[in-house]
Participant: 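Mind having a look at this structure? Questions to follow.
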Amino acid sequence: MQQPQVQPRPSARGFLRAAVTFKPRNPFLPHRPAASAGIGVQLTVSDTELASRGFDVRRTAEGLDVAALNQVFARVGFPQRQEERLRRALEHSEVAWLASAATGRPVAFARAAGDGVFNAVVWDVVVEPSCQGLGLGRAVMERLVAELRRKGVGNIVLYAEPRVVGFYRPLGFAMDPDGIRGMAYYRSKQKTAAQ
């Protein structure tokens, strides 16, 4: 089977991004599920196991310290957001995040926005640098996708820097599935074209 080609796109931070779309997991591919979390989505680590490791699973933005989340964004190289605008974005998003049981501060986070029926776009997937490599990014993504699938959302897309595309593939995301190409409207590109 031929591997799809990554089509890089510039981001606001100078990194390259690639469009990636969720495809439900092929039931014939091997995986190690911990529990079923939704339609076609398996959790590799349970909420109970995460709790035993010192992480509380959260599925709403309630109790999320936006300033602390902004600090995680900064530590991973994401731009910080105006807190009031971030709060408004969270009101219109599905979220999954993990909090440190000791401090209540976010250590892993992902959100998706969309129409709640057909389509969603995943944004802001981050893991506190000191907690990377522990499977926490996978844990929040599995829970976020499970919730979207439970609601019947079948088209889930995200943008990923080429260096992390491999992280999303085992979660069921594919580059340009069925030959469909992702595109993005960039306001700065429109100004340049008009001049």
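One-based numbering along the sequence shown. Bear in mind the structure is a predicted one, so any value in this text is a computation, not a measurement.
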Participant: Do the side chains of Glu94 and Leu144 get nearer than 4.5 Å, heavy atoms only?
Facilitator: yes
Participant: Quick one: CG on Leu50 to CG on Asp56, what's the gap to the nearest 0.5 Å?
Facilitator: 9.5 Å
Participant: Looking at every non-hydrogen atom in both residues, tell me the closest pair between Phe167 and Met141 and how far apart they are.
Facilitator: CE2-CG, 4.1 Å
Participant: Show the numbers, then the answer: is there a side chain to side chain contact (heavy atoms under 4.5 Å, CB included) between Val66 and Leu90?
Facilitator: CA-CA 10 Å; Val66 174; Leu90 292 171; 4.1 Å; yes
Participant: Compare all side-chain heavy atoms of Val153 with those of Val117 and state whether any distance is below 4.5 angstrom.
Facilitator: no
Participant: Could you check whether Asp47 pairs with Arg59 (Lys NZ or Arg NE/NH1/NH2 to Asp/Glu carboxylate O, under 4.0 Å)?
Facilitator: yes
Participant: Side chain of Ser93, backbone of Val95: donor and acceptor closer than 3.5 Å?
Facilitator: no
Participant: Measuring from atom CZ of Arg111 to atom CG of Leu69, what distance do you get when rounded to the nearest 0.5 angstrom?
Facilitator: 9.5 Å
Participant: Without swapping roles, check the side chain of Arg53 against the backbone of Leu134 for a donor-acceptor pair under 3.5 Å.
Facilitator: yes
Participant: Say you draw a straight line from NE2 of His92 to CZ of Arg87; how long is it, rounded to the nearest 0.5 Å?
Facilitator: 14.0 Å
Participant: Tell me, do Val72 and Phe109 make a side-chain contact under 4.5 Å, heavy atoms counted?
Facilitator: no
Participant: Between Arg143 and Glu147, does at least one N-O distance fall below 4.0 Å, as a salt bridge requires?
Facilitator: no
Participant: Is Val122 reachable from Ile180 through a run of hydrophobic residues whose side-chain heavy atoms are each under 4.5 Å from the next?
Facilitator: no
Participant: How far apart are the closest heavy atoms of Ala184 and Tyr159, and which atoms are they?
Facilitator: CB-OH, 3.6 Å
Participant: For a quick test of reading the model, state the closest non-hydrogen atom pair linking Gly166 to Pro170 and the distance between them.
Facilitator: O-CD, 3.0 Å
Participant: Taking salt bridge (Lys or Arg N to Asp or Glu O under 4.0 Å) as the cut-off, I'd like each qualifying pair that reaches into residues 70-81, sequence neighbours left out, listed once.
Facilitator: Arg75-Glu128, Arg81-Asp124
Participant: So, do Leu158 and Val121 sit near enough that their side-chain heavy atoms are less than 4.5 Å apart?
Facilitator: no
Participant: Would a distance-only check, ignoring hydrogens and angles, find a side-chain to backbone donor-acceptor pair under 3.5 Å from Asp176 to Gly179?
Facilitator: no
Participant: By the side-chain hydrogen bond (donor to acceptor under 3.5 Å, both in side chains) test, which pairs, at least two apart or in different chains, include something from residues 61-73?
Facilitator: Gln71-Arg105
Participant: May I ask you to test the Pro106-Leu98 pair for a side-chain heavy-atom distance under 4.5 Å?
Facilitator: no
Participant: For Ala160 versus Tyr168, what's the shortest heavy-atom pair and its separation?
Facilitator: CB-CE1, 3.8 Å
Participant: If I compare all heavy atoms of Cys131 with all of Phe55, which pair ends up nearest, and what's the gap?
Facilitator: SG-CE2, 4.4 Å
Participant: Do Arg88 and Glu91 sit within salt-bridge range, that is, some charged N less than 4.0 Å from a carboxylate O?
Facilitator: no
Participant: Under a 4.5 Å cut-off applied to non-hydrogen side-chain atoms, are Val127 and Val107 in contact?
Facilitator: no
Participant: At what distance, to the nearest 0.5 angstrom, does CZ of Phe78 lie from CH2 of Trp123?
Facilitator: 11.0 Å
Participant: Within this structure, what is the CG-CG distance for the pair Asp115 and Asn155, rounded to the nearest 0.5 Å?
Facilitator: 9.0 Å
Participant: Can you name the closest pair of heavy atoms from Leu148 and Ala112 and give their distance?
Facilitator: CD1-CB, 3.8 Å
Participant: Is there a side-chain contact between Leu171 and Val145 in this structure, where contact means two heavy atoms from C-beta onward sitting under 4.5 Å apart?
Facilitator: no
Participant: Does atom CD of Gln82 have more than 12 heavy-atom neighbours, drawn from other residues, nucleotides or ligands, at distances under 6.0 Å?
Facilitator: no
Participant: Answer whether the closest heavy-atom distance between the side chains of Val157 and Phe173 falls below 4.5 Å.
Facilitator: no
